[in-house]
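We number each residue from 1, following the sequence as shown. Note: hydrogens, waters and symmetry copies are ignored here, and every other heavy atom, side chains too, is used.
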Amino acid sequence: MANFAKPSAPRFSVEVYQNEFLPEGGRDVHAIVTVTSTGGATATRAAADRGSAAVVIMVDCSGSMEYPPDKMRGAREATAAAIDTLRDGTAFAVIAGTHVAKEVYPGQGRLAVADAATRAQAKESLRSLNSGGGTAIGTWLRLADGLLRRSTATIRHGILLTDGRNEHEDPAVLRATLEACAGRFTCDARGVGTDWEVKEVTGIASALLGSADIVADPAHLSEDFTLMMENVMGKEVADVVLRLWTPVGVEIQYVKQVAPTVQDLTDRRSEAGPRAGDYPTGSWGDESREYHVCVRVPAASVGQEMLAARATLLLPAAPGEPPATLAQGLVRAVWTDDLAASTAINPQVAHYTGQAELAQAIQQGLEARKMGDVGGATAKLGRAVQLASASGNADTAKLLAKVVDVVDAAAGTVRLKAKVADADEMTLETRSIQTVRVKKS
């Protein structure tokens, strides 16, 4: 493990957990790469004074937001709460989203700078948020992107709220917009009520390296928006990448974030020179994340060993300048004829493999349930209950218990409930990727 940091920046560290021993001829190497950032909270206040953050809040104002009326009222109150949470010096704007995107505050293609006066003006402008029209989320994101690109802020972030499906825009347009915005800003997405599409909202958050969640009751929007904005205000370093270098003959099978949520980064790779690729991780504050790296090495004989991969955390620099190295760790492979050593499964690898399977089992089980496949749904959701119980994922276990009757958690024996509230099913689906940390001795 190695650490690198500038005095005024958070300190990053990388730890690698793996069983490096392989049997003769063994090829697949698994490792959990734990990345931790500390010290950002104290630096953030000074950073805010330098105007290092820019945030755009996108509020769904389509016609469906008026039914019931507390949705629109809750959206106004939540946006006001988020504005109150902005630190002085933060650049910000508010967008009203329908089948078009409209600047609510400050307008004229600008970003305001947060202080007592602009916060008051922004909250007053929220009176103009009224429902009417359709839903074209790509237009909201494109306007947010245009506003954020005018800022020199280090942290560029969006918060998006919707209550419906993206019905007034071709899906290909939204996909193209997300591809264009990826890497330019991060975005948290929230669905309010139960008439929105989970895969759309989670897809937006995934593409833009943010969080996704459901707020079934509009009365809880203010609390959620406040927490989201507090998280944004705690970010200190943006655009951090995980670079994997591999020797000749080594192939990367996959790279997944596995904590605090499951996020497959394999296809997000950008080439960074001979045998090196960068995987985006977004913005960081005081936090820890874990990544599952699997590489395939050439077969070798007992007694041989090699460096299977080098994981380096980098902060991109200005054009023409080398990136700053924040931390790095090594993944090794050692061939042995010791059966006990080569068959042992590292606890971290086993735990997060199970958490990834848990997320997949939930998603496949719910999809089977929607298709009327009772047998398939029962099997998959039963396996999910078993995995949640074994790993101590109590939050997911509680959500599963609202969709199935648990007969035997350890065995994964369940019965599908005859009636399930839409909010309960959508909450389980939306939060299926949330994981629990491995219990370390």
Test item: T266 side-chain N/O and V255 main-chain N/O as donor-acceptor pair under 3.5 Å: yes
ring-ring contact (aromatic ring centres under 6.0 Å, His included) involving H30 - partner list, sequence neighbours excluded: H292
Heavy-atom check, side chain of R275 versus side chain of V248, under 4.5 Å: yes
Residue pair E357, L387: steps toward the side chain to side chain contact (heavy atoms under 4.5 Å, CB included) verdict: CA-CA 8 Å; E357 185 188 350; L387 289 166; 3.7 Å; yes
R289 to W284 six-membered ring, cation-pi geometry met (6.0 Å, 45°): yes
Derivation of the side chain to side chain donor-acceptor pair (under 3.5 Å) call for T177 and R142: CA-CA 7 Å; T177 300; R142 286 194 294 276; 2.8 Å; yes
Value rounded to 0.5 Å, distance of NZ in K235 from CD1 in I155: 8.0 Å
Distance-only polar pair, side chains of R268 and Y279, donor-acceptor under 3.5 Å: no
Residues D278, S270; criterion side chain to side chain donor-acceptor pair (under 3.5 Å); working and verdict: CA-CA 5 Å; D278 289 347; S270 59; 4.6 Å; no
Close side-chain approach of V94 to I83, heavy-atom, < 4.5 Å: yes
Flag side-chain contact, heavy atom, 4.5 Å: M233 against M229: yes
Trace of the side chain to side chain donor-acceptor pair (under 3.5 Å) decision for T162 with R190: CA-CA 6 Å; T162 185; R190 294 294 185 267; over 6 Å; no
I95 side chain reached by V56 side chain, heavy atoms, under 4.5 Å: yes
Point-to-point distance, once rounded to the nearest 0.5 Å, from CG of D424 to CD1 of I214: 8.5 Å
Over 12 non-hydrogen atoms of neighbours within 6.0 angstrom of CD in Q360: no
Side-chain donor-acceptor contact under 3.5 Å, T226 with E230: no
Student check: side-chain heavy atoms of R437 and S288 closer than 4.5 Å: yes
Separation of D188 CG from L161 CG (nearest 0.5 Å): 12.0 Å
Set of residues satisfying side-chain hydrogen bond (donor to acceptor under 3.5 Å, both in side chains) with respect to E425, sequence neighbours excluded: R369
Test item: side-chain donor near acceptor, N393 and Q355, under 3.5 Å: yes
Ion pair R156/D239, N-O distance below 4.0 Å: yes
Straight-line distance of T135 OG1 to M65 CE, nearest 0.5 Å: 9.5 Å
4.5 Å side-chain heavy-atom contact, Y17 and E15: yes
Exam field: side chain E169 to backbone V173, donor-acceptor pair closer than 3.5 Å: no
Heavy-atom side-chain proximity of V14 to T34 below 4.5 angstrom: no
Would you list the atom pairs, donor with acceptor, under 3.5 Å between side chains in residues 334-344 and any protein atom, with sequence neighbours excluded?
residue: W335; atom: NE1; partner: G26; partner atom: O; Å: 2.9
residue: T336; atom: OG1; partner: D338; partner atom: N; Å: 3.0
residue: D338; atom: OD1; partner: A340; partner atom: N; Å: 3.0
residue: D338; atom: OD1; partner: A341; partner atom: N; Å: 3.2
residue: S342; atom: OG; partner: D338; partner atom: O; Å: 3.3
residue: S342; atom: OG; partner: L339; partner atom: O; Å: 3.3
residue: T343; atom: OG1; partner: L339; partner atom: O; Å: 2.6

Step-by-step side chain to side chain donor-acceptor pair (under 3.5 Å) determination, R383 to Q386: CA-CA 5 Å; R383 175 60 174 158; Q386 186 180 41; 2.7 Å; yes
Value rounded to 0.5 Å, distance of CD1 in I137 from CD in E167: 10.0 Å
Reported CZ-to-OG1 distance for the pair R243 and T325, which is rounded to 0.5 angstrom: 8.0 Å
